[in-house]
**Student:** 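Quick one: the structure is below, questions incoming.
In this chain, residues are counted from 1 in sequence order.
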Amino acid sequence: KLDGPARFTLIETIGSAARRNVLFDFTNFYLECLKDDDHGVRAVAASGLGESEDARAISALIKLVLSDTDENVRAEAAISLGPFALQAVLGVLPITQFNEIVNVLKGIVEDTTEEAAVRAAALASIGVFDEPWVQELIYDGFESVDSEVRLGAIQAMGRTADDYWLPTLIN
């Protein structure tokens with residue numbers, strides 16, 4: 001029943017409290033906020049879900065990154081899939097979720113019709129996967145004419161935790 005600015009202020013305040021105290025779990029709240037009409041509220045909710053340990057967040061973020069009408073919301077969802085991608089690599093998630101995350105992020109990065117901010121966020125998140133095709137995507141992103149995609153490639157290089165990228169970055 002709150003107006004848009006009040007809803008945004010509420011979710012920002014809750015997000016701030018969650019960042020200050022990792023014992024707070026606002027997953028259910030964030031999942032409800034994904035239904036909000038205000039794209040700012042949805043973007044903050046997507047960002048908050050990146051801190052969740054609840055597997056429901058994965059499917060919600062995937063749905064969001066693939067179908068939300070706002071590019072900032074889709075970008076936040078792609079960024080928030082990053083911690084889940086790392087969990088997938090570490091074997092914490094079932095192989096089905098591993099494959100789903102990989103396929104969604106890869107599809108977004110390869111989709112040249114997608115907004116640059118969303119492609120950059122997906123590229124940064126996919127950097128944790130140690131696969132030759134990921135290295136190719138990072139190279140392609142680094143050579144992009146779009147500065148956002150180049151930044152996503154640099155973030156992906158860092159997330160590989162591979163010193164292979166150091167000469168590229170130094171140059």
Side-chain angles (χ1 to χ4, degrees), residues 15 18-19 22 24-31 33-34 39 42-68 70-144 146-166 168-169:
R19 286 186 294 279
V22 295
F24 292 162
D25 181 2
F26 291 105
T27 300
N28 289 331
F29 177 75
Y30 289 138
L31 289 170
C33 288
L34 294 180
H39 61 87
R42 292 194 313 275
V44 174
S47 177
L49 286 174
E51 303 295 323
S52 178
E53 294 179 3
D54 190 322
R56 294 176 302 156
I58 297 170
S59 57
L61 290 168
I62 287 173
K63 180 179 177 186
L64 207 60
V65 77
L66 293 175
S67 65
D68 198 271
D70 185 82
E71 83 175 82
N72 293 327
V73 174
R74 292 193 314 277
E76 285 297 333
I79 290 167
S80 289
L81 282 170
F84 292 106
L86 180 59
Q87 287 180 25
V89 168
L90 296 175
V92 176
L93 299 178
I95 192 68
T96 54
Q97 287 180 314
F98 177 98
N99 290 333
E100 188 175 20
I101 292 169
V102 168
N103 292 334
V104 166
L105 292 174
K106 182 180 181 189
I108 291 168
V109 173
E110 292 176 337
D111 182 359
T112 57
T113 64
E114 180 58 83
E115 298 290 336
V118 181
R119 291 181 61 225
L123 182 56
S125 290
I126 209 168
V128 298
F129 296 108
D130 186 23
E131 297 290 335
W133 59 266
V134 172
Q135 190 176 52
E136 290 176 29
L137 289 175
I138 293 171
Y139 268 124
D140 292 345
F142 190 68
E143 297 295 322
S144 174
D146 190 287
S147 61
E148 283 183 284
V149 175
R150 282 195 310 275
L151 180 58
I154 292 168
Q155 290 170 329
M157 289 175 193
R159 290 189 178 141
T160 67
D162 188 345
D163 60 5
Y164 168 83
W165 294 106
L166 286 176
T168 302
L169 292 170

**Student:** Nearest 0.5 angstrom please: Asp70 CG to Glu115 CD, how far?
**Tutor:**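 That separation rounds to 9.5 Å.
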**Student:** Show the nearest heavy-atom pair for residues Glu71 and Val118, with the distance to one decimal.
**Tutor:**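 Answer, listing the atom of Glu71 first, then Val118: O-CG2, 3.4 Å.
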**Student:** Please report the shortest heavy-atom distance between Val134 and Gly127, naming the atom on each side.
**Tutor:**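 Minimum heavy-atom separation between Val134 and Gly127: CG1-CA, 4.2 Å.
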**Student:** At what distance, to the nearest 0.5 angstrom, does CD1 of Ile154 lie from OG of Ser147?
**Tutor:**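 Atom-to-atom, Ile154:CD1 and Ser147:OG are 10.0 Å apart.
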**Student:** Considering non-hydrogen atoms only, spot the tightest contact between Leu31 and Ala60 and give its length.
**Tutor:**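 Taking every non-hydrogen atom into account, CD2-CB, 3.5 Å.
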**Student:** Taking the side chain as every heavy atom from C-beta outward, state whether Phe142 and Met157 have any pair of such atoms under 4.5 Å apart.
**Tutor:**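 Yes - at least one pair of side-chain heavy atoms lies under 4.5 Å apart.
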**Student:** Quick one: which of Leu105, Asn103, Leu81 gives a side chain to side chain contact (heavy atoms under 4.5 Å, CB included) with Ile62?
**Tutor:**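 Considering Leu105, Asn103, Leu81, a side chain to side chain contact (heavy atoms under 4.5 Å, CB included) with Ile62 is found only for Leu81.
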**Student:** Report the distance from atom CG of Leu61 to atom CG of Leu34, rounding to the nearest 0.5 Å.
**Tutor:**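 Result: 7.0 Å between the selected atoms.
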**Student:** Side-chain contact test, heavy atoms from C-beta onward, threshold under 4.5 Å: evaluate it for Glu110 versus Leu137 and give yes or no.
**Tutor:**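 Yes, their side chains come closer than 4.5 Å.
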**Student:** Taking all non-hydrogen atoms of both residues into account, name the closest pair between Ala122 and Ala78 and its distance.
**Tutor:**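 Heavy-atom minimum between the residues: N-CB, 3.7 Å.
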**Student:** About how many Å separate CD1 of Ile79 and CZ of Arg74, when rounded to the nearest 0.5 Å?
**Tutor:**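 Those atoms lie 12.5 Å apart.
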**Student:** Provide the closest heavy-atom pair for Ala55 versus Gln97 in the form atom of the first, atom of the second, distance.
**Tutor:**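 Reported closest heavy-atom pair: CB-NE2, 3.7 Å.
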**Student:** Working to the nearest 0.5 Å, report the span between CZ of Arg159 and CG of Leu123.
**Tutor:**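 The CG atom of Leu123 is 9.5 Å from CZ of Arg159, to the nearest 0.5 Å.
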**Student:** If every non-hydrogen atom of Ala117 is compared with every non-hydrogen atom of Glu148, which pair is closest and at what distance?
**Tutor:**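 Heavy atoms of Ala117 and Glu148 come nearest at CB-OE2, 3.2 Å.
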**Student:** Sequence neighbours left out, what pairs pass side chain to side chain donor-acceptor pair (under 3.5 Å) with at least one residue falling in residues 53-66?
**Tutor:**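 Residue pairs passing side chain to side chain donor-acceptor pair (under 3.5 Å), neighbours aside: Asn28-Arg56, Asp54-Arg56.
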**Student:** Please indicate whether Asp130 has more than 12 foreign heavy atoms, meaning atoms of other residues, nucleotides or ligands, lying under 6.0 Å from its CG.
**Tutor:**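 Open: at most 12 neighbouring heavy atoms sit under 6.0 Å from CG of Asp130.
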**Student:** Scan the side chains in residues 42-51 for donor-acceptor partners under 3.5 Å anywhere in the protein, sequence neighbours excluded, and list what turns up.
**Tutor:**
| unit_1 | atom_1 | unit_2 | atom_2 | d |
| --- | --- | --- | --- | --- |
| Arg42 | NE | Asp68 | OD2 | 2.8 |
| Arg42 | NH1 | Asp36 | O | 3.0 |
| Arg42 | NH1 | Asp37 | O | 3.1 |
| Arg42 | NH2 | Asp68 | OD1 | 3.0 |

**Student:** Roughly how far apart are Lys106 NZ and Trp133 CH2, rounded to 0.5 Å?
**Tutor:**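 Rounded to the nearest 0.5 Å, the NZ-CH2 separation comes to 5.0 Å.
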**Student:** Donor-acceptor pairs under 3.5 Å, side chain of residues 84-94 to any protein atom, not counting sequence neighbours: which ones?
**Tutor:**
none

